[in-house]
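Notes for the one structure printed next.
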Amino acid sequence: MASLVESEASLREQAQIWKYLFGFADSMALKCAVELRIPDILHSHPEPITLAQIAAAIPDAPSPDLSYLFRIMRLLVVRRIFTFQRAPDGSEGGGLYGPTNLSRWLLREPTPSDRHHGHHLTLAPMVLQENHPWFLDSWHLLSQTVREGGDCPFEKAYGEMFAFAGKNPEFNKILNEGMACTAKITIRTILSHYGDGLFRGGDDDGSLIRSIVDVGGGTGSVVSEIVKAYPHIRGINFDRPHVIKTAPEYPGVTHVGGDMFQEVPPADAVFTKASTFPAQYRLHTLFA
Ligand SMILES: C[S@@+](CC[C@H](N)C(=O)[O-])C[C@H]1O[C@@H](n2cnc3c(N)ncnc32)[C@H](O)[C@@H]1O
């Protein structure tokens with residue numbers, strides 16, 4: 001009996017190690033679904049659909065492989081990203097897949113309801129950013145970084161992150177889109193809880209903020225949300241020139257390119273926020 005308990009325990013321990021050693025599979029399956037736009041496909045159908053219907057709707061894939069797609073879908077159903085119901089005859093083959101509240105966060109395109117409400121909150125760009133080989137390369141340098149110290153893993157791989165972005169337009173786009181999607185989510189929460197206290201103010205006590213500069217504001221998603229909610233505020237989005245070059249126009253927002261260690265545009269209030277600092281990036285690189 002003792003040896004059975006022991007062997008059961010040993011199997012459980014091994015299972016745990018297997019779970020961790022394949023930990024990357026979940027993020028890779030998420031990335032695959034986002035790249036193939038499967039959440040968008042499922043959310044655009046009023047009813048659950050078959051694997052063949054999903055495959056037929058995948059962009060730029062004239063003959064997608066159903067058996068591979070099936071495996072990805074099965075994992076994501078187990079992870080509750082999608083729903084699945086078997087076909088009436090009990091087979092998996094003709095079963096139906098549907099979206100969930102989780103897959104809403106993986107949409108690449110705004111839904112009609114997003115368009116109606118004028119916002120599109122999604123984590124899809126962050127899934128693509130964090131799982132891009134450029135970012136994953138850093139994770140392979142953890143042991144080297146512990147051994148050597150010095151530069152953080154990303155810097156060991158590619159040099160200072162924002163300088164690398166300045167030289168590489170594709171990396172710049174992936175980074176800026178990832179930052180912007182999370183920044184938008186965070187600022188909406190900040191505004192709903194603290195917006196009036198921070199930004200409404202009153203002329204009589206001199207507390208009315210009429211202009212605000214977001215330092216390191218990326219492509220301007222944060223300051224645009226502030227100005228949208230408090231239109232009396234003039235917004236300035238300040239970031240490095242290569243970021244500003246790709247920033248979309250927002251009503252009430254002026255984009256300014258520069259280096260915050262040299263000079264920051266004047267305004268009544270200064271805002272700065274880092275939505276994420278992945279383990280491989282050193283905070284003090286930015287704020288030293
Ligand atoms: C981690 S991102 C944060 C972006 C955004 N504030 C957010 O919360 O998503 C840091 C931003 O600071 C910008 N940045 C880095 N060094 C800068 C500098 N010297 N001057 C101006 N902006 C800088 C980067 O280009 C990047 O957009």
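Indexing begins at 1, ligand by ligand and atom by atom, following the structure's order.
- With side-chain heavy atoms closer than 4.5 Å counting as contact, directly or through intermediates, the hydrophobic cluster containing Leu123 also holds Trp105, Leu121, Ile185.
- Between His242 and ligand 1, a contact under 3.5 Å exists for no N or O pair.
- Looking at ligand 1, you won't find any N or O of Gly217 less than 3.5 Å from one of its N or O atoms.
- Between Glu130 and Lys31, none of the side-chain N atoms (NZ, or NE/NH1/NH2) sits under 4.0 Å from a carboxylate O, so this pair counts as no salt bridge.
- The side chain to side chain contact (heavy atoms under 4.5 Å, CB included) test with Ile236 singles out one residue from Val270, Ile212, Val213, Val215, and that residue is Val213.
- Pairs passing the side chain to side chain donor-acceptor pair (under 3.5 Å) check and including a residue from residues 55-76, sequence neighbours excluded, read Asp65-Ser67.
- At a 3.5 angstrom cut-off on N or O pairs, Asp259 counts as close to ligand 1.
- Among the atoms of Asn176, none of the N or O lies under 3.5 angstrom from an N or O of ligand 1.
- Note: Phe84 and Tyr97 have tilted aromatic rings, judged against thresholds of 30 and 60 degrees for the angle between ring planes.
- Counting atoms of ligand 1 from 1 in the listed order, those under 4.0 Å from a heavy atom of Ala183 are 7 (C), 9 (O).
- Between Lys173 and Glu170 there is no salt bridge, since no side-chain N of the basic residue sits under 4.0 Å from a carboxylate O of the acidic one.
- Inclusion of Asp214 in the set of residues having an N or O under 3.5 Å from an N or O of ligand 1 is not warranted.
- Under a 4.0 Å heavy-atom criterion, Gly258 is in contact with ligand 1.
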